[in-house]
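What you are looking at is a predicted structure, and each value in this text was computed from that prediction instead of being measured. Quick note on labels: first sequence line is chain A, next is B, and so on, each numbered from 1.
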There are 2 protein chains.
Amino acid sequence: MDLTTDRKSTDRRKQVLETAARSFAAFGYKATTMDQVAKAAGVGKGTIYTFFANKEELFEQIVRELIAELKAVAERTLDPALPFADNLLRILQQVLAYRDRHGLVVKLSQEVREFGTPMANGGLEAIERSIIAYIAGHVGEAIAKGEVRQSDPALTAYMMLKMYLALTAEGGHLHEPLDAEQVLAHFRFYCLEGLAVK
Amino acid sequence: MDLTTDRKSTDRRKQVLETAARSFAAFGYKATTMDQVAKAAGVGKGTIYTFFANKEELFEQIVRELIAELKAVAERTLDPALPFADNLLRILQQVLAYRDRHGLVVKLSQEVREFGTPMANGGLEAIERSIIAYIAGHVGEAIAKGEVRQSDPALTAYMMLKMYLALTAEGGHLHEPLDAEQVLAHFRFYCLEGLAVK
DNA sequence: GAAATGACCGGATTGTTATTTTGGTCATTT
DNA sequence: AAATGACCAAAATAACAATCCGGTCATTTC
């Protein structure tokens, strides 16, 4: 059996997927060419089109895999013994840290800022939506357990993510950057406890 | 005394300012030309440069005036008899409604989205900072009066604006739009009361 | 002679055309 | 039957010409 040429179809597919993922992360969506991916994957260009209908579908599949990874990070971080608030903070911290360290997300963010590439923007939005949906699930559970006040889980999850991002990434020039411990304390303060005097 | 030609220098300055304000609001920063402003103001181009060092300074002066208008709207809305939370909501609603109805802000936002014009972006940021600073002042007072829990007024004002915007303008595609009453109720819920069960 | 002006300048922007690149196909090869 | 890469039309880019615009300053106006 010739190991060089006799590879199963699943191997080729995986090879394409991995190569493309690396290329999208390194060069972004539009600067990644199908020719280049084919060459780097050691595969004819036509072969890619037997697995993926077009460049967009190839990209979407890679985003889907990243979302699965983020979910895995969240599941790994989740500790059922801890109260909801602690899990929420741990997960936000871990998931967003992973996201920000991941080459693909970093590159896509830059591409959106710089060129406004619609596909790159769509990918990032899909990631954001999936994070909100994941948190919303746990908010729903927390409400059922009486750990969180009654509210719309989806909207609450959305507000939580926005607040967390307001404290960390965004608006870096409107307030001085906060370290991890400060972010944690402030998030608890603003999001969970509320500003009204008790 | 010839009313057509013998105008005082302050009149000419005001004329330029008003014409330029209308032009920036109608066409945005970069599509407004100094030639066009001079012509529409019935003034030689060189005259503009006796009042303003350059286009940027002219623009900044107009933004400064808009900020003063916003502050006036806020002051007019403020009712010292009302508790802090009510005033905050009324002011946010009034100021942001005024802002969104104001041609200049609308046009600058579009220009930033479309072309990323740095000057337009700078103007919007100045407006946002001034809103946050204004709210921060009142948050400071409310803390002193014991109406709001101890916190950094600037950061709290920033978080309040971000939350309000998250509920209204931004992320329109991540949750269905809310009407004014819902926004009010949700803002009270998320920002003031907090999510923790009491 | 102080204030106002608009012709003028160089750099930036825009419009136009020529050239190259790229996503996707399909006849041919393996 | 699976894989391939030469090929194509459309899209992106480069090259160049023409135009526009912010800012200046010698001249005019009052």
> Could you tell me how far apart B:F27 (CZ) and D:dC20 (P) are, to the nearest whole angstrom?
16 Å
> Classify the ring geometry of B:Y29 against B:F24: parallel below 30°, tilted from 30° to 60°, perpendicular beyond 60°.
parallel
> Taking only N and O in the side chain of B:T50, is any of them less than 4.0 Å away from OP1 or OP2 of C:dA3?
no
> Please find the pair of heavy atoms, one from B:Q36 and one from B:A31, that lie closest to each other, and give the distance.
NE2-O, 3.9 Å
> To the nearest Å, give me how far apart CD1 (B:I48) and C1' (D:dC25) are.
16 Å
> For the pair made of CD in A:Q36 and P in D:dG5, what is the distance, rounded to whole Å?
16 Å
> If the cut-off is 4.0 Å, is A:R12 near the phosphate of D:dT4, judged by side-chain N/O to OP1 or OP2?
yes
> Is it true that a side-chain atom of B:E147 and a backbone atom of B:F84 form a donor plus acceptor pair closer than 3.5 Å?
yes
> A:E56 CD to C:dG24 C1': how many Å, rounded?
12 Å
> If we call it a pair only when both distances are under 3.5 Å in a Watson-Crick or G-U wobble match, what pairs with C:dT29?
D:dA2
> What are the two closest non-hydrogen atoms of A:A136 and A:A157, and how far apart are they?
N-CB, 3.5 Å
> Show, in sequence, the C-alpha distance, side-chain angles and deciding distance for A:E75 and A:Y134, and conclude whether the side-chain hydrogen bond (donor to acceptor under 3.5 Å, both in side chains) test is met.
CA-CA 10 Å; A:E75 291 298 332; A:Y134 181 84; 3.1 Å; yes
> Look at the aromatic rings of A:Y190 and A:H186 and report parallel, tilted or perpendicular, splitting at 30° and 60°.
parallel
> According to the Watson-Crick and G-U wobble definitions, with both distances under 3.5 Å, which nucleotide is paired to D:dA10?
C:dT21
> Distance check needed: D:dT4 P versus A:K39 NZ, whole Å only.
12 Å
> Atom pairs under 3.5 Å, N or O on each side, protein against nucleotides 21-23 of chain C: can you list them with distances?
from, atom 1, to, atom 2, distance (Å)
C:dG23, OP1, A:T32, O, 3.2
C:dG23, OP1, A:K55, NZ, 2.9
C:dG23, OP2, A:M34, N, 2.7
C:dG23, N7, A:K45, NZ, 3.2

